Student: 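This is the structure, below, for whatever I ask next.
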Amino acid sequence: MHSSLKGKHLLATQDWSLEELEELLAVASMLKMQRRMGEFHDHLLRAKTFFMLFFEESTRTRNAFEAGVHQLGGHAHFLTPKATQIDHGETPKDTVRVLSRYGEGLGIRKTFGEGHKYMREIAAWSDIPVINMQCEDYHPTQVLADIMTMKEKFQNALRGRKIVVSWTSAPNYVRPLSMAHSLVLLMPRFGLDVALAHPKEFSLKPDVMDQARKNAEAAGTRFDVIDSMEEACRDADVVYAKGWGPIMETEDEQEGIAIIDKYRENGSMDWVVDQRKMDLTRHDSIYMHCMPYDRGVEVTDEVVDGPRSVVIDEAENRLHIMKAIMAATMAGI
Ligand code: CP
């Protein structure tokens, strides 16, 4: 790892070169191997502190960062707006200028409102690396764990493989676009052809689509948009399907939920990953999801618990990627 990653913010993968991302993935694989071998690496972040500021809940992100920094010899502080003076209006500038004096890294999750703008403002005033733990537009630590998982499952041979990035009719609340955005932006850079599938109301943001097409053109990969999960699944190597909101259609939560629910009417399975759709994919295809998923609504038990599903390996890789990110940006290893 070259020292230029020390102090570097990770707010979106698009801000990092492919070489930097490859180096990060190599460190993550090394740390994973060392852990498997029972080797400790708790000298890497000894006595260093990583702050985790969560505006929303988390299982994987929080625990992967917290366990990860412990394994590297450091310590994590779990912060929320209520547990700090942020809820009383303390500004991003004042908050981060103080935290910069206490520790060596800061992660933020803020998926609703202007989370990404908030993170950029924090980063502008920060003396320590700022890591996006998910905002409304990007989820870099998840998509890096995803690419790590694909490299493992396909022995690094990703060029020419086809990934389906599909919408699902996930219920109860409006989910951010961050995973769909992150996948369509990053997958072409690693040589994958993208088939983006969604109903008409679920378009991604135009600036993200423009950049994703540019990434695909630069990489010489395909980028197709279709309105059928079933069609998209034909000859796919990876099926990655999760819900997101009709953000380009409405910002009203109840209207958004009504549009989402429409696609489950009369027991429709059109936007559910089931065995019938997986049977259309290639013989060695894999099913992925960042978790949490809605069983029976986004994916059937048969698929998510079946032999093609790599969701638990994918979740495990969050740990190794988080450790690599912290070691690289906080210590420059
Ligand atoms: N995939 C993911 O970010 O999970 P959490 O919301 O549990 O952190």
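The basis for the numbers below is simple: all heavy atoms, side chains too, and nothing from hydrogens, waters or symmetry mates. Just follow the structure's listing: the first ligand is 1, and inside any ligand the first atom is 1. Since the structure is predicted, the reported quantities are computational estimates derived from the model, not experimental observations.
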Student: Side-chain contact, heavy-atom cut-off 4.5 Å: Phe190 with Leu18?
Tutor: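 Side chain of Phe190 against side chain of Leu18, heavy atoms only: contact under 4.5 Å found.
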
Student: As a test of understanding, state which of Val194, Val238, Val225, Val239 forms a side chain to side chain contact (heavy atoms under 4.5 Å, CB included) with Val165.
Tutor: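 Of the listed residues Val194, Val238, Val225, Val239, the side chain to side chain contact (heavy atoms under 4.5 Å, CB included) partner of Val165 is Val194.
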
Student: Can a donor-acceptor pair be found between the side chains of Glu314 and Thr149 at a distance below 3.5 Å?
Tutor: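 No - no donor-acceptor pair under 3.5 Å links their side chains.
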
Student: Testing the 3.5 Å rule here: is there a donor-acceptor pair between the side chains of Gln211 and Asn215?
Tutor: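 Yes, Asn215 and Gln211 have a side-chain donor paired with an acceptor closer than 3.5 Å.
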
Student: Mind telling me whether His289 and Tyr240 have parallel, tilted or perpendicular rings, with 30° and 60° as the class edges?
Tutor: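 The rings of Tyr240 and His289 lie parallel, inter-plane angle below 30°.
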
Student: As a test of reading the model: which residues have a non-hydrogen atom less than 4.0 Å away from ligand 1?
Tutor: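 Residue list for ligand 1: Ser58, Thr59, Arg60, Thr61, Arg109, His139, Gln142, Cys290, Met291, Arg318.
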
Student: Which residue is it: Leu183, Val164, Leu204, Ile163? I am looking for the one with a side chain to side chain contact (heavy atoms under 4.5 Å, CB included) to Leu196.
Tutor: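 Answer after filtering Leu183, Val164, Leu204, Ile163: Leu204.
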
